[in-house]
Amino acid sequence: MKLLVTGGAGFIGCNFIYYILAKYPADSLTCVDALTYAGNLASLERAREHANFRFYKADVANRAAIFDIFEAERPDAVIHFAAESHVDRSLMDPGIFVRTNVLGTQVLLDACRSFGNIRFHQVGTDEVYGDLPLDRPDLKFTESTPLSPSSPYSASKAAADLLALAYARTFALPATVSRCSNNYGPYQFPEKLIPVMITRALADETLPIYGKGQNVRDWLYVEDHCAALDAILRRGSIGKLYNIGGNAERSNLKVVQTLLRTLGKPENLIQYVTDRPGHDLRYAIDATKMRRELDWEPRVDFDTGLRRTVEWYLANADWWREILSGEYKSYYVRNYDAR
Ligand code: NAD
Ligand code: TYD
């Protein structure tokens, strides 16, 4: 299979590339990534040693550049990770989220149609469903839960999902969509909860928890997400939607406390800061369809995954120190100093 991966220099994309290179050494992989602040060629260092791996620096919303790459590469399938992915940044600058997440997806869908109805998978998020109450643990998101996104990020991702499903229905494009819960693991950019907390705790800096830390997320180790995407890409039903989740709901406070214990750091590093506007209370995924139809289940439990993640950040301090020394500094001031 000739696979084209967008956003492969980001967190989940690079983990997916390593997953595929290990599992299907004969597959050829082309990565297309604009290398925004979140894209990092250092994350692809080992991939670039493979003869069947190629990298293009390009913006998915740039139609001419994307069509040129499709012409040169003629992929069998496209898996679309590239996105602006951070809720807090979408509150500061919604426009780039619409451009990349909506227009970028449309450009890729058009390219897939033009070059022979190429198989397309849209990597989506459970945040498109909005949130669930904290006092109804029986409720979970299913594939038929109505869309109710809260942030410009999740609204733009909902639009992208709908475009992919519309192209499948109207143009018979062989497309699928997945919606996954919060991922964690190696190579995650230190703007998301878990790597913010690991990198700051290691430096004995304060750990900014939004509101009271009672918001709940369902955590999935990134490798389990990669396995789910691989199953959908190869065995999923065309035109269909799949929810992917970790069955590991935790409040943010609980996650940070577990991390502090793992790192041997004191709880007085925690600092409660002004809440995120529109902050979703709880996400929880019902992944029955993935289990029933594709025989997929998460394999890595939260404590094991968190330990592996901490070990990775300890062993790869050069990777994240480099990030913390760049543009990240001004982002951190913009997002946290006024809180
Ligand atoms: P990330 O921010 O770590 O990486 C995004 C990548 O996309 C970066 O390499 C960046 O350079 C690239 N990119 C951004 N704009 C681009 C553009 N215009 N053209 C080409 N490349 C561009 O994101 P992530 O956490 O790896 O998420 C990947 C995908 O998975 C996203 O679509 C996200 O919505 C989805 N998702 C993420 C999570 C999560 O917990 N991280 C959960 C569910 C779904
Ligand atoms: P995040 O990793 O940004 O993912 P998402 O908002 O897409 O779920 O945040 C996860 C949770 O952690 C969310 O409830 C917001 C909270 N959070 C903090 O309390 N402090 C922080 O510094 C960050 C980045 C997130």
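This one's a predicted model, so the numbers in the text were calculated from it and none came from an experiment. Both counts, for ligands and for their atoms, begin at 1 and track the order of listing.
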Structural part of H86 in contact with ligand 1, heavy atom criterion under 4.0 angstrom: neither
Carboxylate-amine/guanidinium contact R276 D88, below 4.0 Å: yes
Parallel, tilted or perpendicular: ring planes of F120 versus H80, cut at 30 and 60 degrees: tilted
Heteroatom distance test (K157, ligand 1): nitrogen or oxygen, under 3.5 angstrom: yes
Where ligand 1 meets V123 - atom numbers and elements under 4.0 angstrom, heavy-atom basis: 30 (O), 32 (O)
From the candidates N182, N183, T36, T6, the one that places a heavy atom nearest atom 10 (C) of ligand 1: T36
Close approach of C14 to ligand 1, heavy atoms, under 4.0 angstrom: no
Atoms of ligand 1, numbered as shown, that sit under 4.0 Å from any heavy atom of A9: 9 (O)
Within 45° cone of F115 ring axis and under 6.0 Å: R74 NZ or CZ: no
Heteroatom distance test (A82, ligand 1): nitrogen or oxygen, under 3.5 angstrom: no
Heteroatom distance test (T100, ligand 1): nitrogen or oxygen, under 3.5 angstrom: yes
Plane angle bin for F97 and Y153 - parallel if under 30°, tilted between 30 and 60°, otherwise perpendicular: perpendicular
F11 and ligand 1 - part of the residue with a heavy-atom distance under 4.0 Å: both
Pairs of nitrogen or oxygen atoms, one from ligand 2 and one from the protein, closer than 3.5 Å: please tabulate them with distances.
unit_1	atom_1	unit_2	atom_2	d
ligand 2	2 (O)	L193	N	2.8
ligand 2	3 (O)	R276	NH2	3.0
ligand 2	4 (O)	N182	ND2	3.4
ligand 2	6 (O)	R276	NH1	2.5
ligand 2	6 (O)	R276	NH2	3.3
ligand 2	7 (O)	E127	OE2	2.5
ligand 2	8 (O)	N182	ND2	2.9
ligand 2	8 (O)	R217	NE	2.7
ligand 2	12 (O)	N252	ND2	3.3
ligand 2	14 (O)	R217	NH2	3.2
ligand 2	14 (O)	N252	ND2	2.8
ligand 2	14 (O)	H279	NE2	2.7
ligand 2	19 (O)	Y210	N	2.8
ligand 2	20 (N)	P208	O	2.8
ligand 2	22 (O)	P208	O	3.3
ligand 2	22 (O)	Y336	OH	2.6

From D33, L103, L108, L41 - option closest to atom 12 (C) of ligand 1 by heavy atom: D33
Ring-face cation contact, F302 with R307, 6.0 Å cut, 45° max: no
Heavy-atom nearest neighbour in the protein, as seen from atom 20 (C) of ligand 1, with distance rounded to 0.1 Å: A34 N, 3.2 Å
For atom 5 (C) of ligand 1, closest protein heavy-atom neighbour: A83 O, 3.5 Å
Parallel, tilted or perpendicular, as decided by the 30° and 60° cut-offs, for the rings of Y336 and Y210: tilted
G8 heavy atom under 4.0 Å from ligand 1: no
Interfacing atoms of ligand 1 (cut-off 4.0 Å, heavy-atom, A58): 19 (N), 20 (C)
Beyond-backbone contact of V102 with L163, side-chain heavy atoms, under 4.5 angstrom: yes
Sub-4.0 Å heavy-atom contact, F81 with ligand 1: yes
Close approach, Y153 and ligand 1, non-hydrogen under 4.0 angstrom: yes
Axial cation check for F141 ring with R179, 6.0 Å and 45° limits: no
Closest protein heavy atom to atom 44 (C) of ligand 1, given as residue, atom name and distance to 0.1 Å: G124 O, 3.2 Å
Check: P190 main-chain N/O paired with Y328 side-chain donor or acceptor under 3.5 Å: yes
Worked check of salt bridge (Lys or Arg N to Asp or Glu O under 4.0 Å) between D27 and K2: CA-CA 6 Å; D27 277 10; K2 266 189 110 175; over 6 Å; no
Among S154, A61, G245, G10, closest by any non-hydrogen atom to atom 4 (O) of ligand 1: G10
For L35, atoms of ligand 1 separated by under 4.0 Å from a heavy atom: 11 (O)
D33 versus G10, closest heavy-atom pair with distance: OD2-N, 3.9 Å
Taking atom 19 (N) of ligand 1 as the reference point, the nearest protein heavy atom with its distance: V60 N, 2.9 Å
Part of N40 with heavy atoms under 4.0 Å of ligand 1, whether side chain, backbone, both or neither: neither
Atom indices of ligand 1 within 4.0 angstrom of D59 heavy atoms, with elements: 17 (C), 18 (N), 19 (N)
Minimum side-chain heavy-atom gap L229-H121 below 4.5 Å: yes
Ring geometry between Y187 and Y18 (parallel below 30°, tilted from 30 to 60°, perpendicular above 60°): parallel
Shortest protein heavy-atom distance from atom 37 (C) of ligand 1, along with the residue and atom involved: I12 CD1, 3.4 Å
Within 45° cone of F55 ring axis and under 6.0 Å: R48 NZ or CZ: yes
Close-contact set for ligand 1 against S85 heavy atoms, below 4.0 Å: 1 (P), 2 (O), 23 (O)
Under-4.0 Å heavy-atom contact with ligand 1, by part of S181 that carries it: backbone
For G7, the ligand 1 atoms whose distance to one of its heavy atoms is below 4.0 Å: 6 (C), 7 (O), 9 (O)
Residues E143 and R292 bridged, charged N to O under 4.0 Å: no
Minimum heavy-atom distance between A175 and A164, given as atom pair plus value: CB-O, 3.8 Å
